[in-house]
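Along the sequence shown, residues are numbered consecutively beginning with 1. Ligands are counted one by one from 1 in listed order, and the atoms in each one are counted from 1 as well.
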Amino acid sequence: MTYKSIIPLVLLIALSSCKSQLVEKKVTPKPKNVILLIGDGTGLSQVSSAFFFKETSPNYARFKTIGLIKTSSSREDITDSAAGATAFAAGIKTYNGAVGVADDSTAVKNLVEIVSTQNIKTGVISTSSIQHATPASFYAHAINRGLYEDIAADMVTSEIDFFAGGGSKFFNKRKDGRNLLVDLQNKGFKIDTTALGSFEDIKQQSKMGYLLASNHLNPTAKGRGDYLSKATELGIQFLNKEPDNSFFMMVEGSQVDWGGHANDADYLISELIDFDDAIGKALDFAERDGNTLVIVTADHETGGFTLASTPKKTESGETYSSYKEITGTFSTKGHSATLVPVFAYGPGSEAFSGVYENTEIFHKILKVTNWIDKN
Ligand SMILES: [Zn+2]
């Protein structure tokens with residue numbers, strides 16, 4: 001090749017790489033809405049159980065972008081749900097038991113506080129009481145997760161637009177005698193303590209709260225039914241009723257964790273399948289909408305759960321492991337330190353692949369949406 005023929009070639013390459021950079025910048029899409037689904041205590045074996053025990057194809061199988069997070073809290077290798085959720089909600093590592101406060105016990109701004117000043121609607125949904133550690137970390141600040149009545153009071157002052165869960169007693173059967181359900185109504189909430197309604201029933205409301213148990217909701221197999229899927233659908237409809245507005249919604253499958261603590265594989269798997277159904281509702285909406293980022297992860301793993309081969313005996317009495325039959329086994333009654341998976345779908349989802357700290361979930365959400373704290 002002559003010197004003269006190289007110059008146009010170099011120019012051409014330079015120009016074409018310039019062009020592709022421009023195009024790339026143009027098409028990098030920003031999600032308008034974010035739905036964060038947290039399966040409490042949901043490690044890889046818990047997720048895997050849906051692939052063996054759910055009768056239909058798991059919604060987890062619909063994701064293309066997968067990552068892993070490190071879940072340790074600020075002081076311990078193994079996190080609890082309070083420090084785990086505070087990492088997602090506020091982007092900081094804190095001590096176990098801390099709800100929305102840093103390691104030095106000072107309050108830290110959470111996602112709901114950051115985005116609600118930007119006219120972004122917010123919601124939280126759980127199958128536990130709404131004051132339990134995971135949902136609480138998105139609207140409350142408490143030095144100890146057990147301060148349920150203080151956490152309930154923080155709901156009144158928060159900017160949350162939609163909530164569904166249990167825990168009515170922390171609003172209306174309090175030691176201080178106050179009835180915070182009245183305070184919530186004065187703030188514009190309609191509160192329903194009987195059942196989830198239809199969207200038609202609630203679409204005129206500015207804020208909506210469902211408190212469907214005195215404390216926690218029942219397990220799905222013991223009367224809760226498809227509450228979590230319905231609440232997820234209803235929350236999406238409610239927060240998206242003015243389609244020009246963005247929304248952020250957190251949905252927790254709270255009781256996968258409790259099946260793990262109880263070392264009860266049936267409880268765990270039924271809760272995981274129920275959570276997977278709710279994931280399906282979020283993904284169905286995101287597919288239709290095209291502007292919604294769905295992130296599914298867990299605060300930590302619980303129980304050291306394994307889909308183990310089953311110990312059997314041959315006719316002659318020798319023991320062996322049968323690979324034909326899975327037995328859900330556990331190694332602890334508590335949490336474990338194992339990395340937990342992150343699944344992401346929609347615009348901005350690519351940012352969630354890789355191996356990173358749990359606090360990055362918060363930072364990545366703000367970065368891909370450009371919902372960065374403007375105050
Ligand atoms: Zn737990």
Assess, by modelled atom type and distance only, whether the side chains of T327 and T310 contain a donor and an acceptor separated by less than 3.5 Å.
yes
With no hydrogens and no angle check, just 3.5 Å: does a side-chain donor-acceptor pair link D277 and S229?
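No.
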Is any NZ, NE, NH1 or NH2 atom of the basic residue among D289 and K32 found under 4.0 Å from an Asp or Glu carboxylate oxygen of the other?
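Salt bridge flag = no for K32 with D289.
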With a 4.0 Å cut-off on N to O distance, would you call E271 and R224 a salt bridge?
yes
With a 4.5 Å heavy-atom cut-off, do D276 and F51 have their side chains touching?
no
Would you call the rings of H335 and H300 parallel, tilted or perpendicular, taking 30° and 60° as the class edges?
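Parallel, since the angle between the ring planes stays under 30°.
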What are the protein N/O/S atoms, named by residue and atom, that sit under 2.8 Å from the Zn ion (ligand 1)?
D257 OD1, D257 OD2, H261 NE2, H335 NE2
